[in-house]
Trainee: 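I'd like to ask some things about the structure below.
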Amino acid sequence: MARKVLVLGEVRDGSLRNVSFEAVAAAKTIAEGGEVVGLLIGSSVSALANELIAYGADRVVTVEDEKLAVYTSDGYAQAVLAVVGEEQPEGLVFGHTALGKDLAPKLAAKLNAGLVSDATALEAVGGNIVFTRPIYSGKAFEKKIVTDGILFATIRPNNILPLEKDAARTGEVKAVSVPITDLRTIIKDVVRKTAAGVDLSEAKVIIAGGRGVKSEEGFKPLQELADVLGGAVGASRGACDAEYCDYSLQIGQTGKVVTPDLYIACGISGAIQHLAGMSNSKVIVAINKDPEANIFKVADYGIVGDLFEVVPLLTEEFKKLKV
Ligand code: FAD
């Protein structure tokens with residue numbers, strides 16, 4: 001059953017986030033041969049439209065307004081609703097990012113649509129789209145179909161492969177003018193907590209530290225390893241609570257949910273609340289002094305040892321591989 005699917009391209013610091021391309025791939029599956037329409041919202045985003053097309057969108061609609069320069073759920077909701085009204089898509093796909101998590105439920109309520117949130121996989125089966133999503137903090141997965149109304153889903157970053165980029169693809173780019181009114185939130189300033197670098201939720205490699213790192217200083221060897229591997233540093237809540245690092249690095253049930261290709265857990269015991277945020281990582285390496293630590297139960301590779309000896313050794317070896 002061919003569908004028209006609208007997919008939100010998420011822009012950060014003037015670039016499209018990787019999850020946007022993954023969302024286009026998901027939209028292609030949902031479209032089942034129908035049309036994938038990219039949507040870009042912001043103050044000057046039209047230059048990014050061709051990149052969305054190169055990754056598989058058939059055409060792109062842009063909504064530009066100075067009031068949309070910084071995300072607000074009010075402003076973006078007005079823009080998306082106007083485009084949904086005009087395009088009448090049968091499907092809607094966002095990334096399951098901070099923005100997607102904030103915006104999608106609000107829009108689902110306004111559109112009277114069910115929302116499949118945090119999908120990690122999807123496939124077309126006999127006219128239905130079957131979504132897979134984790135439940136009970138990642139301990140089980142459920143499969144869901146939407147039987148009524150607009151097919152609305154948010155997809156977890158790093159789980160759905162983007163289509164191969166084809167710079168030769170072309171498609172229409174249409175600017176739509178939407179009057180943005182009555183914003184209840186005005187963003188005056190954005191104060192970033194973490195330094196610029198690899199975004200934790202999209203990182204392919206994460207080096208995470210726990211209470212075993214022992215101090216803020218103790219995170220330095222982890223950062224060095226992350227730098228060599230082009231990855232990001234994350235943390236357990238134990239490390240955040242002990243003030244070794246900022247809460248923006250927290251991974252787990254009440255922190256970020258991540259699915260990198262490689263997750264190296266250093267001095268983390270493996271509490272169930274931590275596992276909820278990282279157990280779907282593709283390869284998990286655990287470094288812990290305690291051979292009985294729970295983290296070894298989910299690890300693909302375990303190193304029983306002192307992280308302050310093991311991590312610098314790994315950094316040295318990876319450096320040699322890079323030369
Ligand atoms: P610990 O459990 O103290 O483990 C430290 C580990 O370091 C130990 O295994 C020890 O053997 C090892 N170690 C020590 N020194 C070294 C060394 N030199 N080299 C190698 N290994 C060493 N936690 C999260 O992480 N994320 C969450 O989102 C989260 N949400 C929560 C929500 C709720 C409602 C609750 C109740 C708890 C939550 N927690 C969360 C907390 C969680 O239960 C654990 O307390 C926390 O994950 C423990 O952090 P840790 O593994 O760093 O510390």
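Counting convention: from 1, in listed order, for ligands and their atoms alike.
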Trainee: Give the atoms of ligand 1, by number and element, whose distance to some non-hydrogen atom of D290 is under 4.0 Å.
Mentor: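 Per the distance check, 11 (O).
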Trainee: Counting heavy atoms only, which of R211, E292, Q253 comes nearest to atom 3 (O) of ligand 1?
Mentor: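 The option holding the nearest heavy atom is R211.
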Trainee: Non-hydrogen atoms of G209 versus ligand 1: any pair closer than 4.0 Å?
Mentor: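 Judged by the 4.0 Å heavy-atom criterion, G209 does not count as contacting ligand 1.
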Trainee: Checking a contact table here: which protein heavy atom is nearest atom 47 (O) of ligand 1, and how many Å away?
Mentor: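 Scanning the protein heavy atoms, the shortest distance from atom 47 (O) of ligand 1 goes to A271 CB, 3.8 Å.
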Trainee: Check residues 297-307 and write down every donor-acceptor pair under 3.5 Å in which the side-chain atom is one partner and the other belongs to a residue at least two apart or another chain.
Mentor:
{"from": "K297", "atom 1": "NZ", "to": "N294", "atom 2": "OD1", "distance (Å)": "3.2"}
{"from": "D300", "atom 1": "OD2", "to": "I284", "atom 2": "N", "distance (Å)": "2.7"}
{"from": "D306", "atom 1": "OD1", "to": "F308", "atom 2": "N", "distance (Å)": "2.8"}

Trainee: For the pair R237 (side chain) and Q250 (backbone), establish whether a donor and an acceptor sit closer than 3.5 Å, ignoring hydrogens and angles.
Mentor: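 No.
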Trainee: Who gets closest to atom 5 (C) of ligand 1 by heavy atom: G267, G210, P291?
Mentor: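 Nearest option to atom 5 (C) of ligand 1, by heavy atoms: G267.
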Trainee: Would you mind running through ligand 1 and noting each atom that sits below 4.0 Å from a heavy atom of T254?
Mentor: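 Numbered from 1, ligand 1 contributes 27 (C), 28 (O), 29 (C), 30 (N), 31 (C), 32 (C).
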Trainee: Within this structure, what is the CD-CG distance for the pair E224 and L229, rounded to the nearest 0.5 Å?
Mentor: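 Nearest 0.5 Å value for the CD-CG distance: 12.0 Å.
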Trainee: For residues 257-271, which side-chain N or O atoms pair as donor and acceptor with protein atoms under 3.5 Å away, sequence neighbours left out?
Mentor:
{"from": "T259", "atom 1": "OG1", "to": "P157", "atom 2": "O", "distance (Å)": "3.3"}
{"from": "T259", "atom 1": "OG1", "to": "N159", "atom 2": "ND2", "distance (Å)": "2.9"}
{"from": "D261", "atom 1": "OD1", "to": "K282", "atom 2": "NZ", "distance (Å)": "3.4"}
{"from": "Y263", "atom 1": "OH", "to": "H274", "atom 2": "NE2", "distance (Å)": "2.8"}

Trainee: Is ligand 1 less than 4.0 angstrom away from at least one heavy atom of I251?
Mentor: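 In this structure, I251 qualifies as a contact of ligand 1 - some heavy atom is under 4.0 Å.
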Trainee: Measuring from atom 15 (N) of ligand 1, which candidate in K214, R237, Q250 has the nearest non-hydrogen atom?
Mentor: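 Nearest heavy atom to atom 15 (N) of ligand 1 lies in K214.
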Trainee: What protein heavy atom sits nearest atom 1 (P) of ligand 1, and how far away is it?
Mentor: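 Ranking protein heavy atoms by distance from atom 1 (P) of ligand 1, first comes S269 OG, 3.6 Å.
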Trainee: So between Q273, H274, K289, whose heavy atom ends up nearest atom 39 (N) of ligand 1?
Mentor: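 Going through Q273, H274, K289 one by one, Q273 has the nearest heavy atom to atom 39 (N) of ligand 1.
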